[in-house]
Trainee: 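So that we are looking at the same thing, I have put the structure below in structure tokens.
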Amino acid sequence: MSRKLKGIAAAPGIAIAPLVHFHGTLDSIPTWKVAPEGVDAEGRRLDEAIAAVGRSIVALRRELADALSNHDARIYDAQVSILNDPTFRRDAVREMTLHGCNVEVALQRVVERYEAVFQNMAEAPMRERAADVRDVGRQLVAALMAKDRSKYTAHGRDYLFAADEFLPSDAGILDRAHLRGIVTAHGGKYSHGAILARSLGIPAVVGVDDLMSKVPSGTTVVLDGNSGVVIVDPSAEELAQYQLRLREQRGIDSRVAEVRFQPAVTLDGCEVSLFANVEGVRDLETLEAEVISGIGLFRTEFAFMERRQFPTEEEQVAMYRRAMAGSRGKPVTFRTLDVGGDKPLGYFRTPDERNPVLGWRGLRLCLDWPDILYTQLRAILRASALGHARILLPMVTTRSEVVRCRQVVEQLRQDLRSTGEKFDENIKFGIMVEVPVIVPVLPEILPIVDFVSVGTNDLVQYLLAVDRDNQRVAKMYDPFHPGVLRVLDQIVRATQAVNKPVSICGEIAGDHYFTPLLLGMGYRELSMAPVFLPRVKLTLRSFSIAECQTLAQQAMALDSTTAVRALISDQVRERWSRFLKAGPEDASA
Ligand code: PEP
Ligand code: MG
């Protein structure tokens, strides 16, 4: 019987192969007593190991130089600096002197201590250093034991790498010719392993609870790095479905380069604006401003979550200016702080809630703590002098919330004018449609906003009453539900009636199976993680608007999610196979 496990989608793509367990080498190490006069000799062994590991990290960095961006390659520089840190060596020697242990044991203890310190730090990047220290420790122990960490291989067969975590040094010993995907029990979307997997184009799912105990080595697994789903022992039907998607993906990958710089226009010449979702300043470093229409969603809360305390106004201004510079004059949509729910802020303790996603989150929280909102809005306004900023409010539930926020913005504008501080007088002010009740009252709210962005991740969870992060009901979280489609249609109609721009910034904007439906309803702005842009662009270039309209009407009239999926999959696959045979310019042939 097939089983579905849910993890975090860390690197996109589909992979089907047997999963193979791999383990590190810090677990079983030799132990012996070292007399005081023997410590110097152990110290020399350590120096030799440090030199050897240093050489191998530099070699690995060089080997991966073409595949990794400069930024991602710096992960290895961080490891070299840990290795060469005199305090690290001093601590290991002190451990040997005090406890009369061999260098392997000393290293194990020192590494554990360093890890604990990093893990307790509030900032995510610092916590990430714990994995680097562990990785350096593993490599040193392997070098000391003269163990050549042989390749992670399934002896010439395709495989999925499975481990508690994926560490930077693992990238060097993977059998990349046969590696199809990575799945780990720990790690987050921003763990170094996840960043490397994305950079190397290897599909990955991380954070799958109890992976190593639940899924034996050798089990066939489908890994969906787009949705974070791992299917263990897939049924024949699931296998066939994913094999098809895999073939599609291979075709798509080889064509991606071709469409990157082509315009996002449908077969009948309708232009679609494709925006990027950004989850913090780190994403800006890899953003290709020339291929996007702007940043459609800057999730500012991630920058807040990585810190130990609220960023000051000046710090925020600097961050928002960086985003404006990164988008090279194109619009940047700053969503105000959306913490609470599944995104707690370590330094701002909120009471435990029974239903946090229905609780004190997003705009509700900010309106109760006006200082947070004032500071952020003021910083966005100040940064807006540099270009084209937009303000976006999350989790709006009532019109009065919007009125209050507008008043705050107006007050801030007056203050800035009185002090001669520059800002964009025409800055646009929009709301997210995520709380279902906002949909029927849009006609009353639209006159007081400049644009609307539909946050389908939350909207779908609230419409279906299915927690978006609960793996037990993950199957029921299906945005293709005809009821969801009808609500999306209602939203676009309400905005068209008053001629206000509307975009989608939830994950469905990056799902190319959804593209024809959204275009058919009338959406012309889609904002997604940049990695999904090429597929969406390829898809929209193979449909005309009239075809999309017919499809959307048919889909909305259906009575089940399965029927909608079948209809749309047939259509998209058919375009894809035509496209893959003919080439991007002849998709309609
Ligand atoms: C959404 O809910 O669709 C959205 C874009 O916001 P987030 O995923 O950050 O909740
Ligand atoms: Mg949301």
Side-chain angles (χ1 to χ4, degrees), residues 6 8-10 12 124 188-190 226-228 274-283 294-306 323 332-345 355-366 376 390-397 401 430-439 451-470 474 477-481 484-485 487-488 491-492 501-511 514-515 517-518 523 525-533 536:
K6 185 85 177 82
I8 298 164
K189 196 173 167 208
Y190 280 109
N226 307 320
S227 63
L274 302 182
F275 290 83
N277 287 357
V278 167
E279 299 195 343
V281 269
R282 259 187 286 175
D283 284 350
I295 295 176
L297 174 66
F298 188 113
R299 290 179 160 105
T300 59
E301 60 274 9
F302 284 93
F304 282 65
M305 285 158 68
E306 286 180 358
V332 182
T333 316
F334 293 105
R335 179 173 72 183
T336 58
L337 197 62
D338 187 21
V339 289
D342 58 336
K343 288 180 281 194
L345 205 53
N355 289 311
V357 290
L358 301 180
W360 206 36
R361 57 171 295 200
L363 190 60
R364 301 166 184 184
L365 188 147
C366 288
Q376 184 170 35
R390 308 198 286 192
I391 296 168
L392 180 62
L393 306 177
M395 291 293 297
V396 173
T397 315
E401 290 170 342
I431 57 160
M432 290 192 73
V433 175
E434 298 178 284
V435 180
V437 77
I438 217 74
V439 180
F451 69 96
V452 159
S453 190
V454 189
T456 48
N457 304 340
D458 277 315
L459 182 64
V460 171
Q461 101 166 325
Y462 295 136
L463 282 172
L464 298 175
V466 173
D467 183 343
R468 63 193 256 196
D469 289 319
N470 181 342
Y477 184 97
D478 196 333
F480 285 94
H481 191 299
V484 172
L485 302 186
V487 172
L488 293 177
I491 298 169
V492 75
V502 60
S503 67
I504 302 261
C505 64
E507 291 303 298
I508 65 165
D511 178 348
F514 238 104
T515 311
L517 293 174
L518 297 175
Y523 289 94
E525 291 184 17
L526 305 174
S527 191
M528 64 201 79
V531 72
F532 299 120
L533 262 143
V536 168

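Both ligands and their constituent atoms are indexed starting at 1 by order of listing.
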Trainee: For the residue pair Arg335 and Thr300, confirm or rule out a side-chain donor-acceptor distance under 3.5 Å.
Mentor: no
Trainee: Are Phe451 and Thr333 packed together at the side-chain level, in the sense that at least one heavy-atom pair is separated by less than 4.5 angstrom?
Mentor: yes
Trainee: Below 4.0 angstrom from a heavy atom of Gly506, which ligand 1 atoms are there? Numbered from 1 as shown, please.
Mentor: 3 (O)
Trainee: Looking only at distance, does Glu301 have an N or O less than 3.5 Å from an N or O of ligand 1?
Mentor: no
Trainee: Only heavy atoms of Arg299, strictly under 4.0 Å: list the atoms of ligand 1 that pass.
Mentor: 4 (C), 5 (C), 6 (O), 7 (P), 8 (O), 9 (O)
Trainee: With the threshold set at under 4.0 angstrom, would you say Glu507 reaches ligand 1 through any of its heavy atoms?
Mentor: no
Trainee: With Ile508 as reference, evaluate Val460, Leu488, Val484 under the side-chain contact (heavy atoms from CB on, under 4.5 Å) test and give the passing residue.
Mentor: Leu488
Trainee: Distance alone, cut at 3.5 Å: any donor-acceptor contact between the side chains of Ser503 and Ser527?
Mentor: no
Trainee: Under 4.0 Å from ligand 1, counting heavy atoms only, is it the side chain of Arg335, its backbone, both or neither?
Mentor: side chain
Trainee: I would like to know whether Arg299 and Asn277 meet side chain to side chain contact (heavy atoms under 4.5 Å, CB included); could you show each step before the answer?
Mentor: CA-CA 8 Å; Arg299 290 179 160 105; Asn277 287 357; 4.1 Å; yes
Trainee: For the residue pair Leu358 and Tyr462, establish whether any side-chain heavy-atom pair is separated by less than 4.5 Å.
Mentor: yes
Trainee: Select one of side chain, backbone, both or neither to describe which atoms of Leu297 lie under 4.0 Å from any atom of ligand 1, heavy atoms only.
Mentor: side chain
Trainee: Measure the shortest side-chain to side-chain distance between Leu274 and Met528 over non-hydrogen atoms and say whether it is less than 4.5 angstrom.
Mentor: yes
Trainee: Can you tell if the side chain of Leu337 reaches within under 4.5 Å of the side chain of Arg361, non-hydrogen atoms only?
Mentor: no
Trainee: Does ligand 1 come near enough to Thr456 that some N or O of the ligand is less than 3.5 Å from an N or O of the residue?
Mentor: yes
Trainee: For ligand 1, which atoms have a heavy atom of Met432 less than 4.0 angstrom away?
Mentor: 4 (C), 5 (C)
Trainee: Determine, step by step, whether Asp467 and Tyr477 satisfy the side chain to side chain contact (heavy atoms under 4.5 Å, CB included) criterion, reporting the C-alpha distance in whole Å, the side-chain angles of both residues, the deciding distance to 0.1 Å, and the verdict.
Mentor: CA-CA 8 Å; Asp467 183 343; Tyr477 184 97; over 6 Å; no
Trainee: Who are the salt bridge (charged side-chain N to carboxylate O under 4.0 Å, His left out) partners of Arg390, not counting sequence neighbours?
Mentor: none
Trainee: Sorted by chain and residue number, which protein N/O/S atoms are under 2.8 Å from the Mg ion (ligand 2)?
Mentor: Glu434 OE2, Asp458 OD2
